[in-house]
Amino acid sequence: MGKVNIFDTTLRDGEQSPGINLNHREKLDIAFQLERLGVDIIEAGFPASSKGDFQSVKDIATQIKGSSVTGLARSKQSDIDACWEALKASAEPRVHVFLATSPIHMKYKLKLTPDQVIEQAIGSVKYAAKRFPHVQFSAEDASRSDWAFLAKIIEATIDAGASVINLPDTVGYTMPKEISELFEYISRTVPNIDRAILSTHNHDDLGMGVANSLAAIQGGARQVECTINGIGERAGNASLEEIAVGLHIRSDYYETGTNIQLNELKRTSALVSRYTSMPIPKNKAVVGSNAFAHESGIHQDGMLKHKETYEIITPELVGATSSNPLGKHSGRHAFQEKMKALGFKGSSEELLTLFNGFKTLADKKKTVTEDDLYALMIDQGDEDREHEYKLEALQVSYGTNQTPTATIKLKHVEGREYTEASTGSGSVEAIYNTLAKLTDFHYRLRDYRIQSITEGEDALAEVHVNLSKNDRSHSGRGVANDVLEASAKAYIHAVNRFLQEEKRLQEPSTSTVG
């Protein structure tokens with residue numbers, strides 16, 4: 001069987017989803033989990049875009065050893081220089097250079113002739129190849145480009161030093177038969193194509209992201225670019241978990257496979273969902289909560305007789321079953337081993353803090369599942385970071401014949417404590433009115449969602465909010481046994497993100513972006 005490289009762009013293209021703004025620690029956590037998942041290449045970001053993105057890419061490149069790390073660069077020397085500075089210490093430095101090739105992009109965006117585009121592409125790839133052992137060239141909007149022109153620029157960039165050629169469906173325009181034929185055409189037309197790997201990158205504007213990725217593999221692509229949960233700008237990108245499981249289940253048809261550890265898919269999906277505050281639809285293929293549920297009597301009867309009658313993917317395959325839950329009698333050793341199995345990489349002090357948090361949670365819950373532990377890790381990680389505000393105390397008074405009142409104490413990063421009270425038409429509104437006073441933050445609540453992390457009356461509550469101010473918005477999340485406490489934490493998390501962004505905006509960029 002052949003092999004398809006998985007190029008994950010969750011941390012770059014995925015983060016371009018509206019409302020997503022991952023911080024430094026969150027990006028590192030996701031990168032470590034992608035490494036555990038078996039991703040071949042992690043696109044960690046766009047180093048030239050900001051000082052924060054540069055530092056995140058650099059730290060990921062330094063610490064990740066099991067996956068190759070790459071950064072995005074326009075066909076500009078300054079972008080490529082920023083990528084080199086961020087990636088030069090990585091185990092396998094890569095750079096991803098892109099330039100538009102469709103007539104509409106060349107005419108209206110680049111304002112360049114086709115010959116000028118080829119010249120610029122050759123120059124940037126040659127410059128990158130002087131430093132990077134692996135250079136990927138992307139023909140942006142390839143699906144709407146002239147095929148003969150594509151063949152010409154691909155041949156030229158391979159001669160210039162490109163080892164990977166990416167043909168993205170940038171706006172999600174193409175259809176499976178078309179993209180398969182495009183890859184077949186390039187494979188037989190470009191004389192030096194044997195010196196490069198063909199890659200595919202598909203958006204989901206018409207719901208064809210995964211189908212087009214699989215069709216491109218049929219046509220000769222041996223690298224597929226995708227994101228966890230299919231996140232990305234507009235309608236998102238092709239979903240990594242669906243592609244990986246599709247190639248596995250239908251290996252008889254595609255005769256190729258990946259290095260993906262399929263039993264890590266559910267954990268990776270849950271981690272990205274929580275960090276991005278983007279819930280996974282229940283009917284989402286492979287990782288949705290209904291992916292293995294059967295309600296039809298005929299289906300249930302068939303499942304009882306033989307699982308394969310209605311189930312082609314087992315929960316165990318993608319890590320959707322939680323084994324050996326912990327309880328209040330579980331000791332530190334059992335907890336430590338469980339955290340190790342979940343990929344925890346923190347210090348002994350952080351582990352002790354998590355263990356104490358686990359014990360507190362175990363006193364309130366009969367059993368503590370893997371989902372609970374992941375939520376605990378994420379929540380504790382937020383608590384450990386230096387934020388402007390932290391929740392110290394919360395009290396809510398509510399009755400059917402009285403106005404809900406919230407009294408809250410916040411602690412500022414500089415050590416000062418503030419207490420305030422306010423009312424609202426409901427308990428959550430009272431909490432948010434109080435927090436608005438305490439933080440002097442006037443917002444518009446664009447979204448409020450609550451869900452349970454596990455089943456049962458003692459399940460942890462997870463609240464996601466989205467707040468906007470002027471033309472900016474940020475999401476926040478909060479986890480607690482109590483819904484109101486989780487609501488307060490989510491609001492404070494969003495406020496802290498706004499304040500962190502304001503600090504970043506005051507920092508100078510590592511490179512001019514324009």
Side-chain angles (χ1 to χ4, degrees), residues 18-21 23 273-279 357 360-361 364-365 375-376 378-380 382-383 385 387-454 456-502:
I20 293 181
N21 188 2
N23 62 35
S273 173
R274 291 198 178 112
Y275 274 163
T276 58
S277 294
M278 293 186 71
T360 301
L361 181 61
K364 301 175 182 178
K365 295 196 64 180
L376 186 66
I378 293 170
D379 195 47
Q380 189 59 55
D382 286 333
E383 291 294 324
R385 289 164 202 147
H387 290 322
E388 291 289 314
Y389 296 104
K390 288 187 179 181
L391 180 67
E392 288 291 295
L394 167 67
Q395 182 176 333
V396 179
S397 300
Y398 173 80
T400 54
N401 296 317
Q402 70 180 69
T403 302
T405 304
T407 304
I408 300 174
K409 179 192 288 186
L410 291 186
K411 186 173 184 179
H412 192 264
V413 67
E414 295 177 356
R416 300 187 302 274
E417 293 185 345
Y418 303 91
T419 302
E420 187 62 79
S422 189
T423 62
S425 58
S427 297
V428 173
E429 185 181 23
I431 290 170
Y432 287 180
N433 287 341
T434 306
L435 288 171
K437 285 184 179 180
L438 283 165
T439 60
D440 193 27
F441 183 82
H442 303 287
Y443 70 96
R444 182 167 70 91
L445 181 63
R446 298 177 59 189
D447 192 20
Y448 175 92
R449 299 190 309 272
I450 182 170
Q451 62 187 46
S452 62
I453 288 177
T454 52
E457 296 176 355
D458 59 355
L460 285 175
E462 184 174 50
V463 172
H464 293 270
V465 300
N466 186 274
L467 306 181
S468 67
K469 180 181 180 182
N470 299 327
D471 60 345
R472 294 183 292 132
S473 68
H474 277 284
S475 295
R477 63 176 178 277
V479 175
N481 279 100
D482 183 81
V483 170
L484 299 181
E485 181 183 348
S487 298
K489 285 183 172 182
Y491 181 103
I492 296 167
H493 188 212
V495 171
N496 283 328
R497 281 182 175 273
F498 269 103
L499 297 174
Q500 289 167 356
E501 183 186 46
E502 288 177 4

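What you see is a predicted model, and the numbers here were worked out from it, not measured in a lab.
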Among pairs that include at least one residue of residues 401-413, which meet salt bridge (Lys or Arg N to Asp or Glu O under 4.0 Å), considering only residues two or more places apart or in two chains? Lys409-Glu417
Can you name the salt bridge (charged side-chain N to carboxylate O under 4.0 Å, His left out) partners of Arg416, sequence neighbours left out? Glu414
Can you tell me how far apart OH (Tyr275) and CG (Asn23) are? Round to the nearest 0.5 Å. 8.0 Å
Test side chain to side chain donor-acceptor pair (under 3.5 Å) applied to Ser487 - qualifying residues, sequence neighbours left out: Tyr448
How far apart are the closest heavy atoms of Gly424 and Ala430, and which atoms are they? N-CB, 3.7 Å
Under the side-chain contact (heavy atoms from CB on, under 4.5 Å) criterion, do Arg497 and Leu467 qualify, and how do the steps go? CA-CA 10 Å; Arg497 281 182 175 273; Leu467 306 181; over 6 Å; no
Is the backbone of Thr403 close enough, under 3.5 Å, to the side chain of Thr405 for a donor and an acceptor to pair up by distance? yes
Can you name the residues that form a side-chain contact (heavy atoms from CB on, under 4.5 Å) with Asn481, not counting sequence neighbours? Leu361, Lys364, Lys365, Leu460
So Ile408 and Thr419, side-chain contact (heavy atoms from CB on, under 4.5 Å) or not? Walk me through it. CA-CA 6 Å; Ile408 300 174; Thr419 302; over 6 Å; no
Could you list the residues that satisfy side-chain contact (heavy atoms from CB on, under 4.5 Å) with Ser475, not counting sequence neighbours? Ser277, Asn466
Those residues at least two apart in sequence (or on a different chain) that pass side chain to side chain donor-acceptor pair (under 3.5 Å) with Tyr398 are none
Point-to-point distance, once rounded to the nearest 0.5 Å, from NZ of Lys489 to CG of Leu394: 10.5 Å
Using a 3.5 Å distance criterion without hydrogens, assess whether the side chain of His474 forms a donor-acceptor pair with backbone atoms of Ala494. no
Heavy-atom nearest pair, Ala421 first then Lys437, reads O-NZ, 3.6 Å
Please collect all side-chain hydrogen bond (donor to acceptor under 3.5 Å, both in side chains) contacts where either partner lies in residues 420-436, sequence neighbours excluded, each pair once. Ser425-Glu429
So which atom in Glu392 and which in Leu410 form the shortest heavy-atom distance, rounded to 0.1 Å? CG-C, 4.2 Å
Step by step, work out the side-chain contact (heavy atoms from CB on, under 4.5 Å) result for Tyr491 and Thr439. CA-CA 11 Å; Tyr491 181 103; Thr439 60; 4.2 Å; yes
Taken in chain and number order and not counting sequence neighbours, the residues that satisfy side chain to side chain donor-acceptor pair (under 3.5 Å) with Gln451 are Glu462
If you take all heavy atoms of Pro279 and Ser273, which pair is closest and at what distance? CA-OG, 3.7 Å
State which residues pass salt bridge (charged side-chain N to carboxylate O under 4.0 Å, His left out) with Arg449; sequence neighbours excluded, sorted by chain then number. Asp447
Within this structure, what is the CD-CD1 distance for the pair Glu485 and Ile431, rounded to the nearest 0.5 Å? 9.5 Å
Flag the pair Glu388 / Val495 as yes when at least one side-chain heavy-atom distance between them is below 4.5 Å, and no otherwise. no
Would Leu435 and Tyr389 count as a side-chain contact (heavy atoms from CB on, under 4.5 Å) here? Give the steps. CA-CA 10 Å; Leu435 288 171; Tyr389 296 104; over 6 Å; no
Holding to side-chain contact (heavy atoms from CB on, under 4.5 Å), I want the full list of residues that pass it with Ala459, two or more places apart in sequence or in another chain. Ser452, Thr454
Among residues at least two apart in sequence or on other chains, which ones pass side chain to side chain donor-acceptor pair (under 3.5 Å) with Asn496? none
Excluding sequence neighbours, so at least two apart, what forms side-chain contact (heavy atoms from CB on, under 4.5 Å) with Ser468? Arg444, Arg446, Ser473
